[in-house]
Amino acid sequence: MPTWNSRGLRGSTFEEYINRTNEKYLEHGLALIQKIPTPITPIKIDKQTRHITLAYFDQKSTVDYIGAIQGIPVCFDAKECRTDTFPLQNIHEHQVVFMQNFEKQGGIAFFLISYSARDEFYYLRHSKLMEFWQRMKDGGRKSFRYEELEPDFFFGSSGGVFVPYLDAVQKDLSMRD
């Protein structure tokens, strides 16, 4: 069973940026997005600081965020990548299944990826993820490269917003029509 303190804080700065972005979007009436907490069972608690120092995940989590943008249901997960190759093992089968079902219900599912070495963000459309996922299932690469991604979906911080992903959502929507 995976432990909470082994890998659980990777990407926490990126998630904090997304949380701040979501607060700004809410303040301006643009979106209502909530962070979904990962259910854990504490094993060890530091009695002085009252912090959990060891815990087990109770169950498989689905996505990091869920909500609505201008009435459109959205769900997404945040990932950080330090190199130009993103291993698909960082995305779990149950997440892909959840996102497929979410899209079937008329929602938009996507990943936000922080390419930390490049200091840029990427909006991975669900349909693009499925291309990479199917390639892996068919025995191909178990990762995707930076060069394989859609150039129009890269973005950086702007306008006082840490992770301004709404433009990418709009582009995604326009490609579906």
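One-based numbering along the sequence shown.
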Hey, what do you get for CG (Leu149) to OH (Tyr122), rounding to the nearest 0.5 Å? 4.5 Å
Would you mind reporting whether Ile91 and Phe86 have side-chain heavy atoms less than 4.5 Å apart? yes
Taking atom types as modelled, is there a side-chain donor on Gln134 or Asp138 under 3.5 Å from an acceptor on the other? yes
Can you confirm whether Phe155 sits close enough to Val163 that some side-chain heavy atom of one is under 4.5 Å from a side-chain heavy atom of the other? yes
Where is the tightest heavy-atom contact between Thr83 and Thr85, given as atom of each residue plus distance? OG1-O, 3.0 Å
Nearest heavy atoms of Gly107 and Arg176, plus distance in Å: O-NH1, 4.0 Å
Looking at side-chain heavy atoms only, is the closest gap between Val74 and Phe110 below 4.5 Å? yes
Against Phe154, only a single residue in Tyr123, Tyr146, Tyr165 fulfils ring pair (Phe, Tyr, Trp, His ring centres under 6.0 Å); can you say which? Tyr146
Under the side chain to side chain contact (heavy atoms under 4.5 Å, CB included) criterion, do Glu147 and Asp84 qualify, and how do the steps go? CA-CA 8 Å; Glu147 300 80 35; Asp84 283 356; 4.2 Å; yes
Roughly how far, to the nearest 0.5 Å, is the CH2 atom of Trp133 from the CD atom of Gln100? 9.5 Å
Interatomic distance, CD@Glu80 vs OG@Ser114, rounded to 0.5 Å, equals 4.5 Å
Under 3.5 Å: donor-acceptor pair, side chain of Gln70, backbone of Gly29: yes
Is there a donor-acceptor pair under 3.5 Å between the side chain of Arg135 and the backbone N or O of Ser143? yes
Full working for side chain to side chain donor-acceptor pair (under 3.5 Å) between Asn19 and Tyr65: CA-CA 9 Å; Asn19 294 342; Tyr65 297 91; 2.7 Å; yes
To the nearest 0.5 angstrom, please state how far the OH atom of Tyr115 sits from the SG atom of Cys81. 5.0 Å
Between Tyr25 and Val161, is any pair of side-chain heavy atoms under 4.5 Å apart? yes
Would Glu15 and Asp64 satisfy side chain to side chain contact (heavy atoms under 4.5 Å, CB included), going step by step from the backbone distance to the final call? CA-CA 9 Å; Glu15 285 190 0; Asp64 292 332; 3.2 Å; yes
Side-chain (Glu131) to main-chain (Lys128) donor-acceptor, under 3.5 angstrom: no
Examine distances only and state if a side-chain atom of Ser157 and a backbone atom of Phe162 form a donor-acceptor pair shorter than 3.5 Å. yes
State the CE-CD distance between Met130 and Glu103, to the nearest 0.5 angstrom. 9.5 Å
What residues, two or more places apart in sequence or in another chain, satisfy side chain to side chain contact (heavy atoms under 4.5 Å, CB included) together with Pro87? Gln89, Asn90
Return the CE to CG distance between Met99 and Asp77, rounded to the nearest 0.5 Å. 6.0 Å
Going by heavy atoms in the side chains, are Met175 and Arg125 under 4.5 Å from each other? yes
Quick check: is Leu26 connected to Ile18 through a chain of hydrophobic side chains (ILVMFWY, heavy atoms under 4.5 Å apart)? no
Looking at side-chain heavy atoms only, is the closest gap between Leu173 and Ile108 below 4.5 Å? yes
Going by heavy atoms in the side chains, are Arg141 and Met136 under 4.5 Å from each other? no
Using modelled atom types and a 3.5 Å cut-off, is there a donor and acceptor pairing between side-chain atoms of Gln95 and backbone atoms of Val63? no
Consider only side-chain heavy atoms of I, L, V, M, F, W and Y, link residues closer than 4.5 Å, and tell whether Val97 and Ile36 are in one cluster. no
From CA spacing to verdict: ring pair (Phe, Tyr, Trp, His ring centres under 6.0 Å), Phe121, Phe14: CA-CA 10 Å; Phe121 306 120; Phe14 181 44; 5.4 Å; yes
